[in-house]
Protein chains: 2
Amino acid sequence: MPWEKSFDVDLATDRATEVFWKKGYEATSMADLTAAMRINKGSLYNAFGSKKALFDRALTRYDQKTRAAKINQLRAQNDGVAAIYAFFDGFVEEARKDPRNLGCFVVNTAQDLPNQPPEIAQTIHSALEDIKEFFREMIEKGQQAGDIPNTVRPEETAQAMLSMLVGLRLLSRGSAGIPALEAIRDGAMRLLKG
Amino acid sequence: MPWEKSFDVDLATDRATEVFWKKGYEATSMADLTAAMRINKGSLYNAFGSKKALFDRALTRYDQKTRAAKINQLRAQNDGVAAIYAFFDGFVEEARKDPRNLGCFVVNTAQDLPNQPPEIAQTIHSALEDIKEFFREMIEKGQQAGDIPNTVRPEETAQAMLSMLVGLRLLSRGSAGIPALEAIRDGAMRLLKG
DNA sequence: CGCTGTTTGTACCAACCGGTATAATCAATT
DNA sequence: AATTGATTATACCGGTTGGTACAAACAGCG
């Protein structure tokens, strides 16, 4: 068997992610993708199959590399309150560093859910559920440590925090400045005060 | 001068809004629009000028008819806490009644801000600012009535509530069920407890 | 070298894109 | 009935859409 691959598939996927992330699925053309990925049209279809398949792959990879990795890292922490703060503050920091105001690829796609196929909907649903679950676990951990009063209902509060996070990420796309995002982060923490 | 108009421009605009609302600007074609508006291509360009101009008009009209109208109605209320609750609960009700899960046209467009022209960005910015201002006023009104403790900072809390609202509206697009939306609404009210 | 499989460039496809043009039809005022 | 302007249907424009086809160049293995 001769030489089995030349370009880096993951690198090409990450470059495709950048375009989908900013413009969304429909507004991104195959010409946009081949230019950004720096591979030929033929190679793209050979390696990924279709635009939809590439989008699916890009979204899943983004979700794994960013959201899932972060959550699994913070889950290990024993201070629940600190873990939640770090999670929110990380996104404020991301917004501070990103001059392009891309926000969150997952949230962007969640906004477009009614126009997405079931596989994508499933990916989004799992991601959001996992975030909520993370919040719930950290709240319960904080309660066991005595940092969070027992009057705070874990499930409902986790859901409310997820909503704040989604809002923060959407407003990061050019609708809010850094001070506003910090106010959102601090507001989320106030939900833990009972 | 002969008969000055035949079709109802506002009605046609509302029909265009439905399509833009669901699919977004890019994914909506002129064919989609003429079909939904039930007017001819020629009439559309004669009456609205371009796709962009139609979108702008549809968005502005939607914002006036729904968000602005609701806020101005609730502003008159003398119970600040009740006004905020009614505002949130109205969107939960809207989600309950809408089988298509359209969410909010303004929030959808805010998500797409990096790809929108300055006029649209301005409209979105004004709308979000007005909502935040509404929250701030109602918080201050609640504090004067003694319903909200003075430890609650009006501006920061209003910003946090705006984020929860944006999250609620985005999650209404198929990512969350009614109970989850109710938890978000109740979580927002907890921000007023100090 | 010869075989294999990838990459690349290019050409091509039918379909659609936003937008324009035109001629016929239509309704209401004069 | 004549005039006026909006509405309609249809055809058309150049450009782009996602996707396919194909030959040439390429790189590794036997």
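A note on names: the letters A, B, ... follow the listed sequences, proteins ahead of strands, and every chain is numbered from 1.
- Here the nucleotide nearest the side chain of Asn46(B), chosen from dT7(D), dC17(C), dT8(D), is dT7(D).
- Nucleic acid contact for Ser43(B): base, since at least one base atom lies under 4.0 Å from a heavy atom of the residue.
- For dG19(C), the base has a donor-acceptor partner in the side chain of Lys41(B) [N/O atoms by modelled type, under 3.5 angstrom].
- At whole-Å resolution of the value, CG in Asp8(A) and P in dT6(C) are 16 Å apart.
- Atom P of nucleotide dA15(C) and atom NZ of Lys51(A) are separated by 19 Å, given to the nearest angstrom.
- Between Met30(B) atom CE and dC12(D) atom C1' there is a gap of 16 Å when expressed in whole angstrom units.
- Within the nucleic acid shown, Thr28(A) comes within 4.0 Å of sugar-phosphate atoms alone, with no base atom in reach, counting heavy atoms only.
- Rounded to whole Å, the distance from OH on Tyr25(A) to P on dT17(D) is 13 Å.
- For Leu44(A) and dT6(C), the CG to P distance is 15 Å, given to the nearest whole Å.
- In this structure, CZ of Phe7(A) is placed 19 Å from P of dC26(D), rounded to the nearest angstrom.
- With rounding to whole Å, Tyr45(B) atom OH is found 18 Å from dA6(D) atom P.
- What separates CD of Glu26(A) from C1' of dC16(C) is a distance of 12 Å, to the nearest Å.
- For Ser50(A), counting side-chain heavy atoms from C-beta on, the closest listed nucleotide (dG19(D), dT10(D), dT7(C)) is dG19(D).
- At least one side-chain heavy atom of Phe88(A) sits less than 4.5 Å from a side-chain heavy atom of Met161(A).
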